[in-house]
Amino acid sequence: MPGGRLSQQERQQIALGLADSLPYAEIARRLDRPTSTVTREVMRNGGPTAYRADLAHRATERRAHRRRPAALRGTESASAPPGRDAEALAEYAETFTTVLMASGLNKMSARVLTCLFTTDAGSLTASQLAQRLQVSPASISKAIAFLESQSLVRRERDERRRDRYLVDNELFYQATIASARANDQVVAIARQGVAILGPDTPAAARLENVARFLDFMSESIVRAAEQAREVLHTRLAPPAGDNAAAPPGPERG
């Protein structure tokens, strides 16, 4: 059933799909499951190259036995405002974290970023992050340092002179631009190789093609990011029937 726990047979089908190099979406379609369910299952049980159905099933059973009711209300879900389903929020946060890990973030950085994104204020102090995620301040510090280096979070001082770490509408734009500009170093070193290897050699031709490709991609990404920037400042549409609400539009924060 799409809403229930994965069975051992379904895990075996996931393993077979991975062995056939099928994408998560196709495996999920064959199981009649959300893609996020398959992604989370694989990433929390060794990843696509180390996933084993039997080990994954036993690990899930062990987690179910030792899970306490408080665990469902812990970490990210502990901050669920009235009217929100704390268990659903915790499940969503786990899925969000798994997807971020699949994109290349380590687990703690992914958890910190998820926690910030699912907080209405979009900002928390180091102690608040440590409390919500139930980890040491040192773990938070290390994760924040990495996220800052990738332009995925920024810090500011509050009225009590505490550092607050936040995500805002501009950070994805800035991170995209930074990622595109990081290609410039690869382009430069590739073209340095062209000069050293000689322009008429196969190796030099290969490096020049890489440089041209990355040049084109960087320019395209920067241009697209500039064109789409206002999307990051668009307000949510009002609920249906709310005639008094203003129409959605860009709003700079």
Side-chain angles (χ1 to χ4, degrees), residues 14-29 35-36 38-52 95-114 116-117 139 141-155 165-233:
I14 290 174
L16 290 173
L18 293 172
D20 289 338
S21 300
L22 295 179
Y24 294 151
E26 175 60 21
I27 297 173
R29 187 190 66 78
T35 302
S36 60
V38 175
T39 303
R40 184 173 62 251
E41 166 69 15
V42 173
M43 293 304 297
R44 76 187 303 183
N45 290 290
T49 60
Y51 182 84
R52 284 184 53 185
T95 300
F96 196 174
T97 298
T98 301
V99 171
L100 290 175
M101 290 170 61
S103 74
L105 291 183
N106 61 55
K107 184 174 183 179
M108 185 51 62
S109 295
R111 291 187 70 200
V112 168
L113 199 57
T114 294
L116 289 170
F117 266 109
S139 297
S141 178
K142 185 175 181 180
I144 287 292
F146 174 77
L147 292 170
E148 284 187 304
S149 74
Q150 303 299 306
S151 301
L152 291 173
V153 301
R154 65 182 176 87
R155 73 174 70 198
Y165 305 101
L166 67 151
V167 291
D168 62 19
N169 293 337
E170 281 291 290
L171 281 172
F172 264 99
Y173 166 78
Q174 294 167 5
T176 299
I177 296 298
S179 176
R181 293 308 183 202
N183 286 336
D184 293 347
Q185 292 182 333
V186 182
V187 171
I189 197 67
R191 288 198 164 128
Q192 182 181 345
V194 172
I196 293 172
L197 294 166
D200 298 326
T201 64
R206 186 183 307 118
L207 289 173
E208 176 60 26
N209 288 340
V210 167
R212 292 172 60 195
F213 173 80
L214 291 177
D215 258 344
F216 178 83
M217 290 301 299
S218 293
E219 291 175 5
S220 300
I221 290 170
V222 170
R223 184 165 55 250
E226 292 287 356
Q227 292 172 348
R229 190 176 187 180
E230 287 300 321
V231 172
L232 293 169
H233 302 279

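Positions are given from 1, in the same order as the sequence printed here.
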Asker: Which pair of non-hydrogen atoms, one from Ala25 and one from Thr35, has the smallest distance, and what is that distance?
Answerer: CA-OG1, 3.6 Å
Asker: Under 3.5 Å, side chain of Ser220 to main-chain N/O of Phe216, donor-acceptor pair present?
Answerer: yes
Asker: Report yes if the side chains of Ser109 and Met101 come closer than 4.5 Å at any heavy-atom pair, otherwise no.
Answerer: no
Asker: Side-chain contact, heavy-atom cut-off 4.5 Å: Arg155 with Ile144?
Answerer: yes
Asker: Please give me the minimum heavy-atom distance between Val112 and Ala143, naming the atom from each residue.
Answerer: CG2-CB, 3.9 Å
Asker: Any chance you could lay out the side chain to side chain contact (heavy atoms under 4.5 Å, CB included) test for Val167 and Leu152, step after step, and finish with the verdict?
Answerer: CA-CA 7 Å; Val167 291; Leu152 291 173; over 6 Å; no
Asker: Can you tell me how far NE2 of His233 sits from CD of Glu170, rounded to the nearest 0.5 angstrom?
Answerer: 4.0 Å
Asker: Decide, yes or no, whether a salt bridge links Arg154 with Glu148 under the criterion of side-chain N to carboxylate O below 4.0 Å.
Answerer: no
Asker: Show, in sequence, the C-alpha distance, side-chain angles and deciding distance for Leu207 and Gln192, and conclude whether the side chain to side chain contact (heavy atoms under 4.5 Å, CB included) test is met.
Answerer: CA-CA 9 Å; Leu207 289 173; Gln192 182 181 345; over 6 Å; no
Asker: What are the two closest heavy atoms between Arg40 and Thr98, and how far apart are they?
Answerer: CA-CG2, 3.3 Å
Asker: For Glu226, is there an ion pair with Arg223 - N to carboxylate O distance below 4.0 angstrom?
Answerer: no
Asker: Measure the CG-CE distance between Leu147 and Met108 for me, rounded to the nearest 0.5 Å.
Answerer: 11.0 Å
Asker: Can you tell me how far apart CG (Leu214) and CD (Glu219) are? Round to the nearest 0.5 Å.
Answerer: 11.0 Å
Asker: Rounded to the nearest 0.5 Å, what separation is found between the CG atom of Asn183 and the CE atom of Met217?
Answerer: 8.5 Å
Asker: Which distance, rounded to the nearest 0.5 Å, do you find between the OG of Ser218 and the CZ of Phe213?
Answerer: 9.5 Å
Asker: Do you see a donor-acceptor pair shorter than 3.5 Å between the side chains of Arg111 and Thr97?
Answerer: no
Asker: Determine whether Leu105 and Phe146 make a side-chain contact, defined as any pair of heavy atoms from C-beta on separated by less than 4.5 Å.
Answerer: yes
Asker: Give a yes or no on whether Phe172 atom CZ has more than 12 heavy-atom contacts from other residues, nucleotides or ligands under 6.0 Å away.
Answerer: no
Asker: If you compare all heavy atoms of Val42 against all heavy atoms of Pro48, which two are closest, and at what distance to 0.1 Å?
Answerer: CG1-N, 3.5 Å
Asker: For the residue pair Val153 and Leu171, what are the closest heavy atoms and their distance?
Answerer: CA-CD1, 3.8 Å
Asker: Taking all non-hydrogen atoms of both residues into account, name the closest pair between Arg191 and Asp215 and its distance.
Answerer: NH1-OD2, 2.9 Å
Asker: Quick one: CZ on Arg44 to OH on Tyr51, what's the gap to the nearest 0.5 Å?
Answerer: 11.0 Å
Asker: Walk me through whether Tyr24 and Met43 qualify under side chain to side chain contact (heavy atoms under 4.5 Å, CB included).
Answerer: CA-CA 11 Å; Tyr24 294 151; Met43 293 304 297; 4.1 Å; yes
